[in-house]
Engineer: 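Okay, handing you the structure first.
Quick note: residue numbers are just sequence positions, from 1. Whatever order the structure lists them in is the order used to number ligands and atoms, beginning at 1.
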Amino acid sequence: MDKFIINGGSKINGKIAISGAKNASLAMMPACLLAPGCYTLHNTPNLRDVWTMSRLLGSMGVHCELNDHDLFVDSSKIDSFEAPYEHVKKMRASFYVLGPLLARYGRARVSLPGGCAWGPRPVDFHLKAMEKLGAEINLEGGYVVASADRLQGGKIHFDVPSVGATVNAMMAATLARGSSRISNAALEPEVTAQARMLVKMGAQIDGVGTNCLEIEGVDSLSPVNEHTIPDRIEAGTFLIGAALSQGQIVLENVNPYHLATVIAKLEDAGCEIDVRGETISLKIDEPPRPTDITTAAYPGFPTDLQAQWTALMLGADGVSSVRDTIYLDRFKHVPELTRLGADIEVNDNNAIIRGGKKLSGATVMSTDLRASASLILAALLAEGRSEILRIYHLDRGYEHIESKLQALGVDVRRVKTEEF
Ligand code: EPU
């Protein structure tokens with residue numbers, strides 16, 4: 001088990017390159033189940049979640065090998081149609097194999113993910129979508145057992161846009177017989193990245209990038225080489241870190257369009273931001289202004305950046321609010337931030353942050369990926385030394401985070417510990 005030791009007070013200053021998007025990779029990798037053969041997914045981040053997906057695909061007979069940032073996938077031979085609990089409980093995106101397995105082999109046995117650190121995260125939309133495409137779904141011993149002779153096109157409507165259900169349904173519909181429509185589809189760039197890959201593989205999808213996808217099923221698809229988009233959440237985390245430490249940062253290999261709402265909010269908070277091509281520069285030399293955010297599905301403010309924004313607002317002189325409309329209870333970082341001296345009250349999914357208070361270093365515990373990022377940021381604001389336990393959560397989604405932070409001037413080191 002590793003922990004981080006951070007000495008607060010340093011500014012984030014410098015330039016870094018942003019890695020490939022975890023959530024795009026996790027959607028693209030299972031798409032390789034749809035057509036037998038060899039794929040190269042360029043710009044794949046070297047992350048724990050990518051290893052978990054590689055192991056899951058490996059357990060089905062798919063060979064995955066990450067060299068530098070090129071992920072080689074060979075799906076020529078598949079000899080198992082199961083996603084065991086041991087993988088799904090570690091990472092919910094394991095559930096994405098359901099759609100492609102059903103579409104290509106007409107059967108799948110996929111463990112239900114169960115609960116999540118921040119409350120219920122059901123998969124009912126995924127299951128309803130598969131049923132709309134003609135699959136028979138049964139629940140047996142904690143597993144979804146799904147079958148279909150061949151999936152049939154169908155009309156799928158999501159009550160709220162879901163990233164995971166959209167990518168699962170889209171993969172399934174590409175090989176179904178006839179036409180499908182997915183309405184109120186998620187618009188997140190990671191969904192669009194997967195859709196582009198599917199189209200390159202030969203899928204017939206109209207409306208890519210919109211919330212209504214029209215898919216005409218085809219008999220077969222072909223393997224491709226594809227590039228993963230930059231990670232907008234990693235980029236947003238570093239922008240927020242620079243703003244919080246009143247520093248200056250240049251991010252390379254970003255897609256600024258994917259960050260339009262975050263950039264606008266950072267500007268509201270007083271940051272000076274310059275966007276050129278695939279580069280974003282930010283500077284600020286005074287405390288950020290209190291700025292409220294409400295998370296929403298893309299292109300709204302991402303829920304995956306609300307914990308980091310909460311840390312930012314600890315440095316703002318005044319009261320601000322962070323409301324999460326995507327998840328029911330994604331505020332597990334708040335009690336840990338309180339250990340550093342933060343004054344935050346959470347009611348009905350709304351955090352009221354009274355910023356500008358003195359924070360002092362403490363030992364805190366990571367509870368999930370983005371919560372961990374917010375603890376690092378708050379530790380930068382705190383006076384003295386903080387220890388952040390259970391940083392394996394961070395390794396799921398931030399590539400080389402400590403070397404990137406060190407390159408930006410942060411006094412952070414990773415230490416092995418017996419503490420849990
Ligand atoms: N929902 C349902 N039923 C379903 C599916 C979703 O009620 O069957 C609800 C969820 O409970 C939530 C909302 O719909 O309230 C949206 O959830 P969504 O399905 O979009 O989330 P997800 O696909 O499980 C992905 C990301 C998350 C990110 C969300 C929202 C991946 C692998 N995960 O999750 O990323 O928070 O979209 O943008 O793409 C992270 O990277 O830290 C992370 C948690």
Engineer: Would you check whether Phe125 has a nitrogen or oxygen atom less than 3.5 angstrom from a nitrogen or oxygen atom of ligand 1?
Structural biologist: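 For ligand 1, there is an N or O atom that lies under 3.5 Å from one belonging to Phe125.
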
Engineer: For atom 15 (O) of ligand 1, which candidate among Asp231, Ile326, Leu369 holds the nearest heavy atom?
Structural biologist: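 That would be Ile326.
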
Engineer: Is the number of heavy atoms from other residues, nucleotides or ligands within 6.0 Å of CG (Asp149) greater than 12?
Structural biologist: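 12 or below, so no.
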
Engineer: Under 3.5 Å, is there a donor-acceptor pair linking the side chains of His63 and Glu65?
Structural biologist: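 Note: His63 and Glu65 side chains meet the donor-acceptor criterion.
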
Engineer: So is Glu190 touching ligand 1 or not, going by heavy atoms under 4.0 Å?
Structural biologist: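 Glu190 does not count as a contact of ligand 1 under the 4.0 Å cut-off.
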
Engineer: For the residue pair Asn184 / His157, report whether a side-chain donor-acceptor contact shorter than 3.5 Å exists.
Structural biologist: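 No, Asn184 and His157 have no side-chain donor paired with an acceptor closer than 3.5 Å.
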
Engineer: One residue to check: Val160. Relative to ligand 1, which of side chain, backbone, both or neither has a non-hydrogen atom less than 4.0 Å away?
Structural biologist: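 The side chain, only.
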
Engineer: At the 4.0 Å heavy-atom cut-off, does Arg330 count as touching ligand 1?
Structural biologist: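 It does, in that a heavy atom of Arg330 comes within the 4.0 Å cut-off of ligand 1.
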
Engineer: Between Thr303 and ligand 1, does any nitrogen or oxygen pair lie at a separation below 3.5 Å?
Structural biologist: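 Looking only at distances, the answer is no, because the N/O contact criterion of under 3.5 Å is not met.
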
Engineer: Any chance you could lay out the side-chain contact (heavy atoms from CB on, under 4.5 Å) test for Arg330 and Arg370, step after step, and finish with the verdict?
Structural biologist: CA-CA 10 Å; Arg330 199 182 191 180; Arg370 309 305 173 187; 3.4 Å; yes

Engineer: According to the interplanar angle, ranging from 0 to 90°, do the rings of His126 and Tyr96 count as parallel (below 30°), tilted (30 to 60°) or perpendicular (above 60°)?
Structural biologist: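 Ring orientation, 0 to 90° scale: parallel.
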
Engineer: What pairs with Gln152 under side chain to side chain contact (heavy atoms under 4.5 Å, CB included), at least two apart in sequence or on another chain?
Structural biologist: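 Checked Gln152 against side chain to side chain contact (heavy atoms under 4.5 Å, CB included); matches are Arg177.
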
Engineer: Judging by distance only, is a nitrogen or oxygen of Ala93 under 3.5 angstrom from one on ligand 1?
Structural biologist: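 No, no N or O pair falls under 3.5 Å.
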
Engineer: Tell me the contacting part of Val163 for ligand 1: side chain, backbone, both, or neither, using a 4.0 Å heavy-atom threshold, strictly below.
Structural biologist: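 The answer is both.
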
Engineer: Using a 4.0 Å heavy-atom cut-off, say whether Lys22 meets ligand 1 through its side chain, its backbone, both or neither.
Structural biologist: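 Within the 4.0 Å criterion, Lys22 contacts ligand 1 through side-chain atoms alone.
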
Engineer: Of Val191, Asp304, Asp368, which has the heavy atom at the shortest distance from atom 27 (C) of ligand 1?
Structural biologist: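 Heavy atom nearest to atom 27 (C) of ligand 1 belongs to Asp304.
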
Engineer: Using heavy atoms and a threshold below 4.0 Å, how should the contact between Met53 and ligand 1 be classified: side chain, backbone, both, or neither?
Structural biologist: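 Neither part.
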
Engineer: For ligand 1, which atoms sit closer than 4.0 Å to a heavy atom of Tyr327?
Structural biologist: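 Close to Tyr327: 12 (C), 21 (O), 27 (C), 28 (C), 29 (C), 30 (C), 34 (O), 36 (O).
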
Engineer: Scan side-chain atoms only and decide if Ser320 and Asp292 contain a donor-acceptor pair under the 3.5 Å cut-off.
Structural biologist: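 Their side chains do not contain a donor-acceptor pair, so the 3.5 Å distance test is not met.
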
Engineer: Which part of Pro122 is near ligand 1, with near meaning a heavy atom under 4.0 Å away: side chain, backbone, both or neither?
Structural biologist: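 The answer is both, backbone and side chain.
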
Engineer: Classify the side-chain pair Asp206/Gln204 by whether it contains a donor and acceptor separated by less than 3.5 Å.
Structural biologist: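 There is no such pair (donor and acceptor under 3.5 Å, judged by atom type) between the side chains of Asp206 and Gln204.
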
Engineer: Show your working on side-chain hydrogen bond (donor to acceptor under 3.5 Å, both in side chains) between Glu399 and His69 and close with a plain yes or no.
Structural biologist: CA-CA 11 Å; Glu399 192 180 44; His69 289 101; 2.7 Å; yes

Engineer: Quick one: is the NZ or CZ of Arg414 closer than 6.0 Å to the six-membered ring centre of Phe4, and within 45° of its axis?
Structural biologist: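 Verdict for Phe4: no cation-pi partner in Arg414.
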
Engineer: From the options Lys404, Arg396, Lys22, select the one residue that forms a salt bridge (Lys or Arg N to Asp or Glu O under 4.0 Å) with Glu234.
Structural biologist: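 Exactly one pass, corresponding to Lys404.
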
Engineer: Side chain or backbone of Asp124 under 4.0 Å from ligand 1, or both, or neither, by non-hydrogen atoms?
Structural biologist: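 For Asp124, backbone and side-chain atoms both sit under 4.0 Å from ligand 1.
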
Engineer: Does ligand 1 come near enough to Gly164 that some N or O of the ligand is less than 3.5 Å from an N or O of the residue?
Structural biologist: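 Yes; the residue has a nitrogen or oxygen that sits under 3.5 Å from a nitrogen or oxygen of the ligand.
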
Engineer: Identify which of Ala371, Ser162, Ala27 has a heavy atom lying nearest to atom 19 (O) of ligand 1.
Structural biologist: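 Nearest option to atom 19 (O) of ligand 1, by heavy atoms: Ser162.
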
Engineer: Atoms of ligand 1 less than 4.0 Å from His126 heavy atoms?
Structural biologist: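 With His126 as reference, the close atoms of ligand 1 come out as 8 (O).
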
Engineer: So which bit of Tyr96 gets within less than 4.0 Å of ligand 1, heavy atoms only: side chain, backbone, both or neither?
Structural biologist: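 The part of Tyr96 near ligand 1 is the side chain, not the backbone.
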
